[in-house]
Amino acid sequence: MRQIPWRVAGQEVVVNVAEGEEDILAFREFVTTAGPLAFDTETTGLDIYASDCRVRLAQFGTGRTAWVLPVESGPQWADLAAWALRTAERLYCHNATFDLLVADAHLRVPLEVTYLKTVDVRIMAHLTDPRSAHEGGTGHSLEALTRAHLDAEVADQVKGAMRELARELKTTKGEIFRIVPLDHPRYLLYAGMDVLLTSRLFEHMLYSVPHASRRLVVFEHQVAYVCAIMERKGFLVDIPYTLQLADRLERQAKQHADTAAALGVDNVNSTDQVAQALTRRGAALTETTATGKPKVDKAILDRLVADGDELAIAVQRAKRASKWKTTYADTFLELADPGHRIHCGINSLAARTARMSITRPALQTLPSGEHMIRSCYLAEEGEVIISVDYQAIELRVLAALAGERKMIEAIRAGKDLHGLTASLVFGPDYSDTQRKAAKILGFGKVYGGGPATLARQTGLSVADARRVVAAYDEGYPAIARYTKQLQADLPRQGFAVVTGNGRRLPVDRAKPYAALNFMIQSTARDMLAAGLLEIHKQGLLDYLRLPVHDEVIASAPAEDAKEVAHALADAMAGQINGVPLATEAEIGGRSWGSLYT
DNA sequence: CAGGTTAGCACC
DNA sequence: AAACGGTGCTAACCTG
């Protein structure tokens, strides 16, 4: 056994590195006597389901002692790690989903065994302060939490460790975890430190979660578990279709790029080049970016396209085709596992409002205007895609939180909410254009926008927009009162809002108007999360593929689709303050895209 | 030249 | 009086 002594927060700690058979007994003794154990793994990469992914190290530890098992050097170590995972009564992880999926896929210890006895310090950290470092919080990485709560010097060591190793071994940060020698002392120290710090952070975070948020600890672990099951299942990809799509998009991109080149733009992705060429053609680019350069975004190109500018048309088409190829088609092909499944990363507790995020690939942001990209995803063989979403959830949550009588009555009566707004603002004989403006106004209110934003989005004059907003506040007095009250109460909460579910959300001092949106967005997110738990409780989890903010995507046998869709919709439906949050199910064909034709 | 930043664009 | 919220990913560009 190799021992690496270190210091954390003024205390001596030790990293034990198992090397030979003679260490097995000592490790077993440690696991059976140490109590709750922090757990972490080091792998060759982040893509757990890639055919070349291997576990290199498995670490277990307390706040004083870490054990590092060299899993890559022989199957006995994987078996020993698996034994420890099954034996430990309680586990602590930082970002449990990753390591527990690693154990599930590579150590033969299923999520069902590990997840429900695990505490994730990242979840505790998010409940303590949901903000990223960029937003004025501590952030939730192990390094950031160590810096904030344990030992800044150790945080620096952890942060710099793998980067230095990469430099030393003349490789990149992305490659270092794959190629660093298994016995490199600083790799082993880094690996051992992870569990020492995780264990210590647990002790700290136990007391840092706000009182009002305590009940969310169990809730969020259950939600994370359900999302981890979805990650493990994966979403089937239509490989032949996606290959063909990538090919088609490439040809389109090339064709339009050639047209742009003939008109003087070598690289359509260079905003600078496009701006210069458009200016030469006589376009007036008046708007600028944050750094003062001429702005050429979609809205600006759209206007030039409407005027029939050939360059603008070519640039826009080329950019779209190339972005769609690389961001979607190519990525799907690269991420699909040998069984043609994509296991995206679902961060069940991501945004500062607790909204979920989905990465590798970002399946929440696939184009919804048409079916082309979503058609890459398939229900299982013999099954069809089901989508269940909440109807106008943000407006309903707003009505419920504010207690806005007129809106609540309209919801109960199943009336058109944007029509109601239009009649309040423009009068009973509102036009179609006015209904559209009312819809934009409704969303603007949810986001905390004002007259200037409304004017920009509708084409109304600022003066008219101001009148419209005033009419909204008059027509929905409870919403106006609620918005005002939320902002007035901010100082009492330490400049934060606390949702009905007990989630404390700090608000930026420069943006008090965001308080309303945080309440709405976070409350709506918790409805979806509660819906996922109810779906699990009803035994329907196996059907689920994805959560998408106010919607779930599922796959079910064609002959059962109606029944499953209704069961999912029923499980998700709920209420807030007596206001019903209704759901609506849609049944498609084999591909996700079939819902978008 | 690796890695961070900016601009743009996809979604709810 | 007014204030649009939350994400992830890519290519180009900048920097140490």
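Numbers restart at 1 for each chain; the letters A, B, ... are given by sequence-line order, proteins then strands.
The pair A:Glu143-A:Arg163 does not meet the salt-bridge criterion, since no charged nitrogen lies less than 4.0 angstrom from a carboxylate oxygen.
A:Lys484 pairs by the salt bridge (Lys or Arg N to Asp or Glu O under 4.0 Å) definition with nothing, not counting sequence neighbours.
Contacts of A:Gly369 with the nucleic acid, taken as non-hydrogen atoms under 4.0 Å apart, involve only primed sugar atoms and P, OP1 or OP2. Within the nucleic acid shown, A:Arg525 has no heavy atom closer than 4.0 Å to any nucleic acid atom. Across all strands, A:Arg466 comes closer than 4.0 Å only to sugar-phosphate atoms, never to a base (heavy-atom distances). Using a 4.0 Å heavy-atom cutoff across all strands shown, A:Val446 reaches no nucleic acid atom at all.
Along DNA chain C, the stretch of nucleotides lying under 4.0 Å from any heavy atom of chain A spans, 5' to 3', C:dA2 to C:dC13.
Using a 30° and 60° split on the angle between ring planes, A:Tyr187 and A:Phe177 fall in the perpendicular class, above 60°. By the 30° and 60° cut-offs, the orientation of the rings of A:Phe332 relative to A:Tyr328 is tilted. Taking the six-membered ring for Trp and thresholds of 30 and 60 degrees, A:His126 and A:His140 have ring planes inclined between 30 and 60 degrees apart.
With B:dG4, B:dA10, B:dC12 as the choices, the nucleotide that has an atom nearest any side-chain atom of A:Lys298 turns out to be B:dA10.
Proximity of residues 285-295 of chain A to DNA chain B (heavy atom under 4.0 angstrom from any strand atom) is restricted to A:Thr289, A:Ala290, A:Thr291, A:Lys295.
Atom pair A:Asp389:CG and B:dC12:C1' shows a separation of 11 Å (rounding to whole Å applied).
Judged by atom type and distance alone, A:Arg320 does not reach the base of B:dC9 through any side-chain donor-acceptor pair under 3.5 Å.
With P as the reference atom, B:dC12 and C:dC4 are 22 Å apart, rounded to whole Å.
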